[in-house]
Novice: 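One structure is given below, represented as structure tokens, and several questions about it will come after.
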Amino acid sequence: QVQLVESGGASVQAGGSLRLSCAASGYTYSSYYVAWFRQAPGKEREGVAAIHTGGLSTYYADSVKGRFTISLDSAKNTVYLRMNSLLPEDTAMYYCAARIPPIRLTAVQALNIMSYNYWGQGTQVTVSS
């Protein structure tokens, strides 16, 4: 059974930084997509960043380009989301998601909620002004 466990959410001041972690287990594939999504109260869940664990291609939403970085530690089966220059509008529940078994995704599909079939429980990020 695939499991994704997020951690690292916290309350920070605007301009601050956080690193979220997504620890994955329960599968044998080495190349697949992992993405971070977020959902603010009253809003739809949106894709923030994605990574292909084989080729290490990365994809970002325009709203976070230059501020967020997604990365992989393959030895730990963990995907990270480094968030810098945080803004109040980054406040949301952040979810890790994976597509397993893997399929090929376009850049648009990599940030689309419908592309993923395993989800973590979420970790809360709150940015105050």
Side-chain angles (χ1 to χ4, degrees):
Q1 181 70 13
V2 177
Q3 286 192 317
L4 303 172
V5 180
E6 303 100 329
S7 61
S11 295
V12 298
Q13 296 276 345
S17 298
L18 283 175
R19 189 181 75 163
L20 305 183
S21 300
C22 172
S25 62
Y27 58 90
T28 57
Y29 300 97
S30 60
S31 297
Y32 53 95
Y33 287 90
V34 176
W36 285 95
F37 289 78
R38 65 186 181 187
Q39 187 166 20
K43 294 188 176 182
E44 293 185 353
R45 194 170 297 189
E46 63 173 353
V48 173
I51 187 168
H52 186 264
T53 64
L56 297 181
S57 297
T58 56
Y59 311 89
Y60 295 94
D62 288 343
S63 59
V64 306
K65 279 181 182 176
R67 299 190 299 122
F68 290 12
T69 303
I70 190 169
S71 62
L72 167 71
D73 185 332
S74 56
K76 296 182 179 180
N77 279 346
T78 299
V79 171
Y80 301 100
L81 184 68
R82 177 68 181 182
M83 305 185 295
N84 295 327
S85 303
L86 282 162
L87 304 169
E89 48 263 45
D90 294 319
T91 294
M93 184 71 79
Y94 283 71
Y95 298 92
C96 175
R99 180 61 172 93
I100 296 172
I103 60 174
R104 184 179 296 274
L105 299 176
T106 65
V108 172
Q109 290 171 330
L111 294 177
N112 189 305
I113 188 174
M114 299 300 293
S115 299
Y116 295 87
N117 56 345
Y118 287 98
W119 293 83
Q121 81 290 349
T123 186
Q124 178 68 38
V125 172
T126 303
V127 184
S128 57
S129 57

Novice: Would a hydrophobic clustering, with Ile, Leu, Val, Met, Phe, Trp and Tyr connected at side-chain separations under 4.5 Å, put F37 with M114?
Specialist: yes
Novice: Determine whether M93 and Y116 fall in the same hydrophobic cluster, where Ile, Leu, Val, Met, Phe, Trp and Tyr are linked whenever their side-chain heavy atoms lie under 4.5 Å apart.
Specialist: yes
Novice: Measuring from T106:OG1 to Y59:OH, what's the distance to the nearest 0.5 Å?
Specialist: 8.0 Å
Novice: Does the side chain of E44 come within less than 4.5 Å of I113's, by heavy atoms?
Specialist: no
Novice: Which atoms form the tightest heavy-atom contact between E6 and G122, and what is the distance?
Specialist: OE1-N, 2.9 Å
Novice: For the residue pair V2 and Y27, what are the closest heavy atoms and their distance?
Specialist: CG2-CB, 4.1 Å
Novice: Grouping I, L, V, M, F, W and Y whenever their side-chain heavy atoms are under 4.5 Å apart, do L20 and V64 come out in a common cluster?
Specialist: yes
Novice: How about L4 and Y95: do any of their side-chain heavy atoms sit closer than 4.5 Å?
Specialist: no
Novice: If hydrophobic clusters are built by linking Ile, Leu, Val, Met, Phe, Trp and Tyr wherever their side-chain heavy atoms come under 4.5 Å apart, do L111 and F68 end up in the same one?
Specialist: no
Novice: Report yes if the side chains of T91 and Q124 come closer than 4.5 Å at any heavy-atom pair, otherwise no.
Specialist: yes
Novice: Using the rule that two of Ile, Leu, Val, Met, Phe, Trp, Tyr join whenever any of their side-chain heavy atoms come within less than 4.5 Å, decide whether L56 and V79 are in one cluster.
Specialist: yes
Novice: With L18 as reference, evaluate T123, N84, V12 under the side-chain contact (heavy atoms from CB on, under 4.5 Å) test and give the passing residue.
Specialist: V12
Novice: Find the distance between CG (L72) and OG1 (T78) and round it off to the nearest 0.5 Å.
Specialist: 8.5 Å
Novice: Can you check whether Q109's main-chain N or O pairs, donor with acceptor, with S115's side chain at less than 3.5 Å?
Specialist: yes
Novice: How long is the gap from OG on S7 to CD on Q121, to the nearest 0.5 Å?
Specialist: 8.5 Å
Novice: Which pair of non-hydrogen atoms, one from K65 and one from Y60, has the smallest distance, and what is that distance?
Specialist: CE-O, 3.4 Å
Novice: Is there a side-chain contact between P102 and S31, using heavy atoms and a 4.5 Å cut-off?
Specialist: no
Novice: When rounded to the nearest 0.5 angstrom, what distance separates OH in Y33 from CG in L105?
Specialist: 5.0 Å
Novice: What's the spacing between R19 CZ and M83 CE if we round to 0.5 Å?
Specialist: 11.5 Å
Novice: Any heavy-atom pair between the side chains of L87 and V127 that's under 4.5 Å?
Specialist: no
Novice: Determine yes or no for a side-chain-to-main-chain donor-acceptor pair under 3.5 angstrom, with N77 supplying the side chain and A23 the backbone.
Specialist: no
Novice: Cut-off 3.5 Å, side chains only: do Y32 and R99 have a donor facing an acceptor?
Specialist: no
Novice: How far apart are the closest heavy atoms of A49 and L81, and which atoms are they?
Specialist: CB-CD1, 4.0 Å
Novice: Compare every heavy atom of R38 with every heavy atom of E46, then report the nearest pair and how far apart it is.
Specialist: OE2-NE, 2.7 Å
Novice: How long is the span from the OH atom in Y118 to the CD atom in Q1, to the nearest 0.5 Å?
Specialist: 5.5 Å
Novice: Any side-chain heavy-atom pair from V34 and C96 closer than 4.5 angstrom?
Specialist: yes
Novice: Looking only at heavy atoms, which two atoms of G47 and A61 are closest? And how far apart?
Specialist: O-CB, 3.4 Å
